[in-house]
Amino acid sequence: MTTALGNVGGVLLHLPLRHFLFNPRRSLIPKPHLLARGVVIRAATTSSSSPPGTATGDSNPDLTEDAKVSTGIPILACPICYNSLISKNGPGLKLAFQSASNLECHTCKKDYQNNGIYLDLAVASGSKDYAETMPAMTELFRSPLVSFLYERGWRQNFVWGGFPGPEREFEMAKGYLKPSTGGTIIDASCGSGLFSRLFAKSGMFSLVIALDFSENMLQQCYNFINQEGMPRENLILVRADISRLPFVSSSVDAVHAGAAIHCWPSPSAGVAEISRVLRPGGVFVATTFILDVLPPVIPILKTVRQYYIRASSNYLYLSEGELEDLCQTCGLVNFTCVRNGPFVMISATKPS
């Protein structure tokens with residue numbers, strides 16, 4: 001699959017989407033090493049009166065930064081091969097989300113469905129006989145009952161673990177997320193969309209992606225959006241696995257994961273994926289529980305934790321150092337954290 005990038009010196013470039021990077025304004029620019037090698041398929045010109053979504057020619061190379069892809073979806077990627085997805089019902093990112101259109105990967109020849117509530121971009125989506133069974137903690141949050149109760153008492157009980165409450169946590173997160181203002185944010189493991197909706201209402205981001213593996217959590221998120229009469233122009237729902245994020249590398253400005261890391265089957269796989277999809281300078285903010293509030297019992301907890309993790313696939317963090325090491329191991333820098341008893345909010349950035 002190729003895409004036109006505009007007329008540079010009289011040459012209309014057609015390059016595979018995987019050869020493009022996103023700048024902070026989410027426009028597409030070619031990798032310099034490809035231009036140096038002369039990756040040009042053919043020469044052409046286009047009229048300035050071309051219809052919307054068609055690349056237009058211009059002798060100014062700077063204008064290539066503002067070129068648009070008429071047939072591609074520049075953020076979404078196939079979770080199998082990570083190549084960009086294409087809308088089967090027409091061009092444009094909004095069309096894919098606002099209508100029940102399907103997406104396809106030209107490499108894997110696989111279709112991904114939009115059921116009118118969320119885009120299902122999990123690896124096993126669309127399978128007929130195979131059913132993905134996840135660890136106990138993940139399956140718990142896929143249940144209709146827990147999904148229904150999450151914002152109706154479940155999340156409110158986190159105050160006993162030092163969580164200051166959604167509104168205060170949101171304000172704290174905003175401080176870390178200021179560098180990504182105006183960009184795209186993924187609310188990873190969004191649950192019923194508590195923070196996704198706050199991000200969308202704030203107007204801080206041009207696009208908010210509410211992402212979760214639980215079908216029922218996304219259904220609850222959709223219900224809350226309708227109940228609150230929220231517009232959907234800058235808020236989309238995506239079902240995906242945190243360890244296989246369906247986004248192009250270096251394509252998003254921020255990722256938020258509220259009270260989630262301890263529930264991931266493999267935190268290192270999740271944070272590594274977050275590092276992959278963040279653009280240089282992008283921000284990762286997360287909250288979780290930490291258990292070093294009683295230092296004398298840590299040696300005992302380390303032993304108990306091994307059996308607890310094996311039985312539940314729910315992680316227990318015993319120190320700030322573990323979380324910092326996790327972020328650094330996955331390529332993130334500038335680690336910071338705020339503590340309140342067992343509650344911790346961390347932030348880290350993708351190196352520029």
Side-chain angles (χ1 to χ4, degrees), residues 1-8 11-23 26-31 33-35 37-44 46 50-56 64-116 118-130 132 184 186 207 209 211 236-252 273 276-279:
M1 178 184 62
T2 60
T3 178
L5 188 67
N7 191 322
V8 183
V11 176
L12 185 64
L13 300 180
H14 283 253
L15 302 176
L17 280 177
R18 64 178 179 273
H19 293 317
F20 288 84
L21 295 173
F22 288 77
N23 66 17
R26 299 188 316 286
S27 58
L28 292 165
I29 57 176
K31 291 182 180 179
H33 73 276
L34 290 172
L35 292 181
R37 284 157 48 187
V39 184
V40 178
I41 304 302
R42 66 180 178 87
T46 55
S50 302
T54 303
T56 58
T64 61
E65 292 190 5
D66 296 321
K68 304 298 180 182
V69 179
S70 62
T71 58
I73 298 175
I75 295 177
L76 297 179
C78 171
I80 298 172
C81 67
Y82 292 141
N83 285 329
S84 295
L85 294 175
I86 298 299
S87 174
K88 299 180 69 173
N89 297 59
L93 180 64
K94 287 187 177 181
L95 177 62
F97 292 119
Q98 294 176 354
S99 66
S101 63
N102 298 332
L103 306 176
E104 64 178 344
C105 174
H106 280 186
T107 303
C108 298
K109 308 301 181 184
K110 179 174 179 177
D111 292 344
Y112 294 92
Q113 306 297 316
N114 182 342
N115 62 9
Y118 57 81
L119 279 168
D120 193 345
L121 300 182
V123 171
S125 67
S127 57
K128 297 179 180 179
D129 297 323
Y130 175 77
E132 189 86 275
T184 296
I186 299 171
L207 180 63
I209 301 173
L211 181 144
I236 62 173
L237 279 59
V238 173
R239 178 174 179 262
D241 188 343
I242 190 64
S243 64
R244 203 73 184 173
L245 292 176
F247 303 101
V248 174
S249 298
S250 302
S251 63
V252 300
E273 274 293 271
R276 179 185 66 81
V277 303
L278 280 174
R279 66 167 176 79

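Atoms considered below: every heavy atom in the structure, side chains included; atoms not considered: hydrogens, waters and symmetry mates. Computed from a prediction, not measured in an experiment: that's the story for all the values here.
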### Query
Is there a side-chain contact between Y112 and S125, using heavy atoms and a 4.5 Å cut-off?
yes
### Query
How long is the gap from CG on L119 to CG on L103, to the nearest 0.5 Å?
5.5 Å
#### Entry: Rounded distance (nearest 0.5 Å) linking atom NE2 of H106 with atom CD1 of I86
6.0 Å
### Query
Side chains of C78 and T107: does their closest heavy-atom pair fall under 4.5 Å?
no
### Pairs involving residues 236-247, ordered by first then second residue, that meet salt bridge (charged side-chain N to carboxylate O under 4.0 Å, His left out) (sequence neighbours left out)
D120-R239, E215-R239
### Query
About how many Å separate OG1 of T184 and CZ of F247, when rounded to the nearest 0.5 Å?
9.5 Å
### Query
Rounded to the nearest 0.5 Å, what separation is found between the SG atom of C105 and the CG atom of L121?
11.0 Å
### Residue pairs involving residues 102-115 (criterion salt bridge (charged side-chain N to carboxylate O under 4.0 Å, His left out); sequence neighbours excluded)
K88-D111
### Message
With heavy-atom distances below 4.5 Å as the criterion, would you say the side chains of V277 and V248 are in contact?
### Response
no
#### Entry: Contact check, side chains of L245 and R276, non-hydrogen atoms, under 4.5 Å
yes
### Task
Calculate, to the nearest 0.5 Å, the distance between atoms CD1 and CD1 belonging to I186 and I75 respectively.
8.0 Å
### Query
Nearest 0.5 Å, what's the CG-CG distance between N102 and L85?
11.5 Å
